[in-house]
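Quick notes on the structure that follows.
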Amino acid sequence: MVLSDQDRQLVAEIQGGLPLSSHPYAEIGERIGLSEQEVIERIAELQAEGVIKRMGIVVRHHELGYTANAMVVWDVPDEQLDAVGEKLGKQSCVTLCYQRPRRLPEWPYNLFSMIHGKERERVLDYISDLIKSQGLEQIPHQVLFSGRRFKQRGARYL
Amino acid sequence: MDETDRAIINRLQESFPIAHRPYRQAAQALGIDEAELIQRIEQMLEQRQLSRFGPLYHAEKLGGGLSLCAMNVPEDQFERVAEQVNAFPEVAHNYARDHRFNIWFVLATETPQRIDSVLKAIEQTTGYPVYNMPKEEEFFVGLRFHV
């Protein structure tokens, strides 16, 4: 989808958040010269096209008690990557699962999955259960827990 | 945070109405009124339990660049480098991790081409290499937190 200038203006206008008032879309429209109905239609279209993944709450998971945040990285043989990626992505404890490039020789891992939990012990249990239930014993992996968070802000694109 | 706050978080992480009175519509489904929903969202934002109330964008579809980057920095240089990395406005978030690769950050740029130049600038400023690990395939993106 190619964004028009007007769409880009809309995207920029709401990227920091929606107005917390009874007619948020009308308010946005006033700022950028569109009617409420036009704003509603454009946002619905952007969502249908996947430019907006979803609208609503973005949490600070740390503040909600999800302090044990593990990045589990796997060195999966290339020919098994899709199958293992699909399997991991289906597990309820996995919140993200991506293929990324290896950076040899220092970094041999090509599949990244995130597992968030409230306690490290629980997260480690999830991981060992996952390895057993999915038969991943032969695939080298490492668990990188997050330490301090230095910075978290929403990405700004425009 | 009470039951109503939890219900708001769980439900409004899934979706939010795109309609004439969206808060009223969402509030009805939660069994509260519009003013209460708005006030509770405001409060959770103030208390920093929520980072944002609005759209979650797909960076690439907006024409932007997005990448995960890692650095391997000696312990005694860690503070300085972390601070220098954070000073770049393109760094969206940055976590320390307990590994030889100890600094992990996400870069978000206006165009995909900008990723490389920002990486080079970070390398020059910090004096350490940056390992760029952009997403090649997406198997799952849920990232919802049940409370």
Side-chain angles (χ1 to χ4, degrees), chain A residues 1 3 11 14-18 20-25 36 40 43-44 47 49-61 63-64 66 71 85-86 88-90 94-101 103 106-107 112 116 142 144-158, chain B residues 8-9 12-16 18-24 34 38 41-42 48-59 61-64 66 68 70 72 82 86 91-99 101 104-106 108 110 131 133-145 147:
Chain A
M1 173 185 193
L3 297 185
V11 162
I14 61 175
Q15 73 179 339
L18 284 183
L20 292 162
S21 61
S22 56
H23 300 85
Y25 303 120
E36 178 183 42
I40 287 173
I43 291 179
Q47 190 160 303
E49 293 287 336
V51 174
I52 295 176
K53 290 189 204 169
R54 65 180 169 88
M55 189 69 101
I57 280 179
V58 183
V59 302
R60 293 174 68 91
H61 56 267
E63 280 67 11
L64 294 178
Y66 286 87
M71 184 169 79
E86 299 287 345
L88 284 182
K90 288 199 183 100
V94 172
T95 48
L96 295 172
C97 186
Y98 294 147
Q99 177 190 350
R100 298 184 184 278
R103 294 295 179 217
E106 295 91 343
W107 185 262
F112 288 56
H116 290 83
Q142 283 200 23
L144 284 73
F145 276 104
S146 64
R148 266 182 311 152
R149 176 186 56 190
F150 302 116
K151 188 171 183 181
Q152 183 190 10
R153 62 156 182 84
R156 304 193 80 87
Y157 303 104
L158 297 171
Chain B
I8 291 170
I9 290 179
L12 298 190
Q13 277 184 96
E14 296 305 322
S15 67
F16 182 69
I18 305 168
H20 176 57
R21 296 282 293 269
Y23 293 100
R24 187 174 64 181
E34 181 183 43
I38 290 176
I41 294 172
E42 261 167 11
R48 296 165 63 79
Q49 288 150 337
L50 311 185
S51 91
R52 217 150 21 97
F53 187 82
L56 193 63
Y57 289 126
H58 188 298
K61 287 192 181 172
L62 273 183
L66 193 70
L68 177 70
N72 166 9
N86 291 343
V91 172
H93 33 90
N94 187 1
Y95 284 91
R97 292 196 183 271
D98 52 358
H99 188 268
F101 282 86
W104 289 82
F105 57 91
V106 172
E110 266 186 52
Y131 294 80
M133 304 184 193
K135 171 176 78 186
E136 292 182 321
E137 191 166 342
E138 198 168 276
F139 294 107
F140 182 70
V141 200
L143 207 60
R144 311 252 198 292
F145 295 90
V147 295

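As a basis for the values below, the full set of heavy atoms in this structure was taken, side chains included, without hydrogen atoms, waters or symmetry mates. Every chain is numbered from 1, with letters handed out A, B, ... down the list of sequences. What you see is a predicted model, and the numbers here were worked out from it, not measured in a lab.
- Rounded to the nearest 0.5 Å, atoms OG (A:S146) and NE2 (B:H99) are 14.5 Å apart.
- Checked against the 6.0 Å centroid criterion, the rings of A:W107 and B:Y131 do not qualify as a close aromatic pair.
- Among the candidates A:C97, A:G147, A:G85, the residue making the largest number of heavy-atom pairs closer than 4.5 Å to chain B is A:C97.
- For the atom pair OG of B:S51 and CZ of A:R60, the computed distance is 6.5 Å after rounding to the nearest 0.5 Å.
- Judged by distance alone, with hydrogens and angles left aside, the side-chain atoms of A:R54 form a donor-acceptor pair with the main-chain N or O of B:Q13 at under 3.5 Å.
- The structure places NE2 of B:H58 at 12.0 Å from CD of A:E49, a figure rounded to the nearest 0.5 Å.
- The two atoms that bring B:E42 and A:L20 nearest to each other are CG-CD1, 3.5 Å, heavy atoms only.
- Summarising the geometry of B:E34 relative to A:S22, their closest heavy-atom pair is OE2-CB, 3.1 Å, with the distance given to 0.1 Å.
- Between the A:R100 side chain and the B:M133 main chain, a donor and an acceptor come within less than 3.5 Å of each other.
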| message | Please determine whether side chain to side chain contact (heavy atoms under 4.5 Å, CB included) holds for the pair A:L144 and B:W104, giving the CA-CA distance in whole Å, both sets of side-chain angles, and the decisive distance to 0.1 Å. | response | CA-CA 10 Å; A:L144 284 73; B:W104 289 82; 3.6 Å; yes
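- Looking at B:R52 and A:Q15, their side chains never come closer than 4.5 Å, going by heavy atoms from C-beta outward.
- For the pairing with A:Y98, the side chain to side chain contact (heavy atoms under 4.5 Å, CB included) check across B:E137, B:K135, B:E136 returns one residue only, B:K135.
- Relative orientation of the B:F16 and A:Y25 rings is tilted, given thresholds of 30° and 60° on the angle between their planes.
- Between the CD1 atom in B:I18 and the CD1 atom in A:I52 there is a gap of 6.5 Å [rounded to 0.5 Å].
- The shortest distance between side-chain heavy atoms of B:H20 and A:E36 falls below 4.5 Å.
- Between the CG atom of A:L64 and the CG atom of B:L50 there is a distance of 7.5 Å, given to the nearest 0.5 Å.
- Looking at A:Q47, only its side chain comes within 4.5 Å of chain B, counting heavy atoms on both sides.
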